[in-house]
Amino acid sequence: MPPRPRKRAAKAPNTSYYEQELSTHSFEELRRELLDIGESPGPIDASNREIYVRLLARKRLKLDTESEQETSSSSSTSPPSLTRAPISHATSPYKLGPALSHTPSLKPGTSHLKSPAGKTAPSKKVHTPAKSSLKQGIKMAATVPQSIEKFEVQGFVAAAFTPLTDSGELDLPVLKPYAEHLLKNGVDKVFVNGSTGESLSLTVEERKLLAAEWIRVGGRKFTVIVHVGCESLKDTCELAQHAREIGAAAIGVMPSSFFKPPAIENLILYLEKVVEAAPNLPLFYYHIPSMTGVNFSMEEFLDAASLRLPTLRGLKYSCPDLLEFGRCVVSNGGKYQIVYGVDQQVLGAFALGGIAAIGTTYNFAGKLNNRLLKAFQRRDMEAAKLEQRRSQAMIKLLIKYGSLSSGGSVAAGKAIMKAHGMDVGPPRLPLLPLTPESYKSLQQDLTDIGFFEWA
């Protein structure tokens, strides 16, 4: 009887094997997995996807090879065959427990063990925190809708100005040419009714009209995020519900700033009501302590919120603290998207793993900042720094004329917008526009720094 042919040993995976496995990953899935293994990727898109796929494939191969070596040296029996679970925003695919797929569901405090014969052994008690040790009032978050988990902002979002007439009324017809102006400058996302948009100087009805018109004008060309924060929680919830009804992509919420939440617990209780009003919309907490005076640790906030706010997608982080920003990017396994809001430091935010930014200057410097981002993506740091320095020169003028005028940065920003070819009118009282003399001086200063050549 002829000998049976030997079975060929399975070929050890190589980088090509992993590259093929990663070929269906979205940009966000690639970025999250890289964060999980300690890398700090910048924004990922079609132009640099291949680079990051190769990097991650090498890392996977190395980690899996090391894991196999450790297993073979510690045990003479073959370990169970494991399949890689779909990537999770909150857990690493290289961590044994959460990364196993097809794991039977367990009762709290038990674990399934396999006997040598392959039968399920009696459940063994494992340590779980006692209920009494959990903070009173903590509730586990409900399952996050897939549309919220996958929602992502990349690149630049213009913090939209509110167009007003000389008499201080809404000038909605301006939104159509305004949208065209943004698209021409490479910006297709807007943050409506924020601080740049003078939200707290508008009525609830005006904010509804403005948000609805942006969505009508923007159509499928724009991603519209609507800020709904008000001094009154009832108004905030009303605007959140309205944003859901008109089809906003997401909402932003800053806290009340007169009666400030005294602790993170108060803030979360406040935001829970907003989540109830718009249960299917991604929510970004708007952290802008310079305006609100509310300045909790955002790292601690995200930890607490992860148990209680199922629709929280991340932060609009308008604070210059890059240390905290970087900590928030990797918080909870990189679960949350931290959108940066300090335009003059955006390059630093990208270097720390940020992939998006919301700001005033993207209204009139979209081309400049897109050049900055592309230079960063191709690792041309000299070119990226050049664009950031140009941005800083422009922002220095924004600050200068904001302090000289009676309208602050809103008045100065609207004046630069007008100089750039898009007149969105004056600010609303109590803010005042730049005087004719100041506007003329601003135009000259913008010319001197080369703004009209590179913006």
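Between Tyr340 and Ser318, every side-chain heavy-atom pair lies at or beyond the 4.5 Å cut-off. With a 4.5 Å cut-off on side-chain heavy atoms, Phe350 and Gln377 do not count as touching. Counting heavy atoms from C-beta outward, Glu300 and Ile264 have side chains that approach closer than 4.5 Å. Residues Val153 and Ile358 have side chains not in contact (no heavy-atom distance under 4.5 Å, counting atoms from C-beta outward). Using a 4.5 Å cut-off on side-chain heavy atoms (C-beta onward), Ile399 and Lys396 make no contact. The closest side-chain heavy-atom distance from Thr360 to Phe161 is below 4.5 Å.
Checking Phe296, Tyr285, Tyr317, Tyr336 one by one against Phe301, the ring pair (Phe, Tyr, Trp, His ring centres under 6.0 Å) holds for a single residue, Tyr285. For the pairing with His420, the ring pair (Phe, Tyr, Trp, His ring centres under 6.0 Å) check across Tyr178, Phe452, Phe451, Tyr362 returns one residue only, Phe451.
The backbone N or O of Gln344 sits less than 3.5 Å from a side-chain atom of Gln392, completing a donor-acceptor pair. Side-chain N or O atoms of Asn363 include one that pairs as donor or acceptor with a backbone N or O of Ala159 at under 3.5 Å.
In Arg379, the CZ atom is not crowded: 12 or fewer heavy atoms of neighbouring residues, nucleotides or ligands sit closer than 6.0 Å. Around the CG atom of Asp448, the shell of radius 6.0 Å holds more than 12 heavy atoms that belong to other residues, nucleotides or ligands.
A salt bridge does not link Arg428 to Glu198: none of the charged side-chain nitrogens sits closer than 4.0 Å to a carboxylate oxygen.
Both the sub-6.0 Å distance and the 45° axial angle are satisfied by Lys316 relative to the ring of Phe191.
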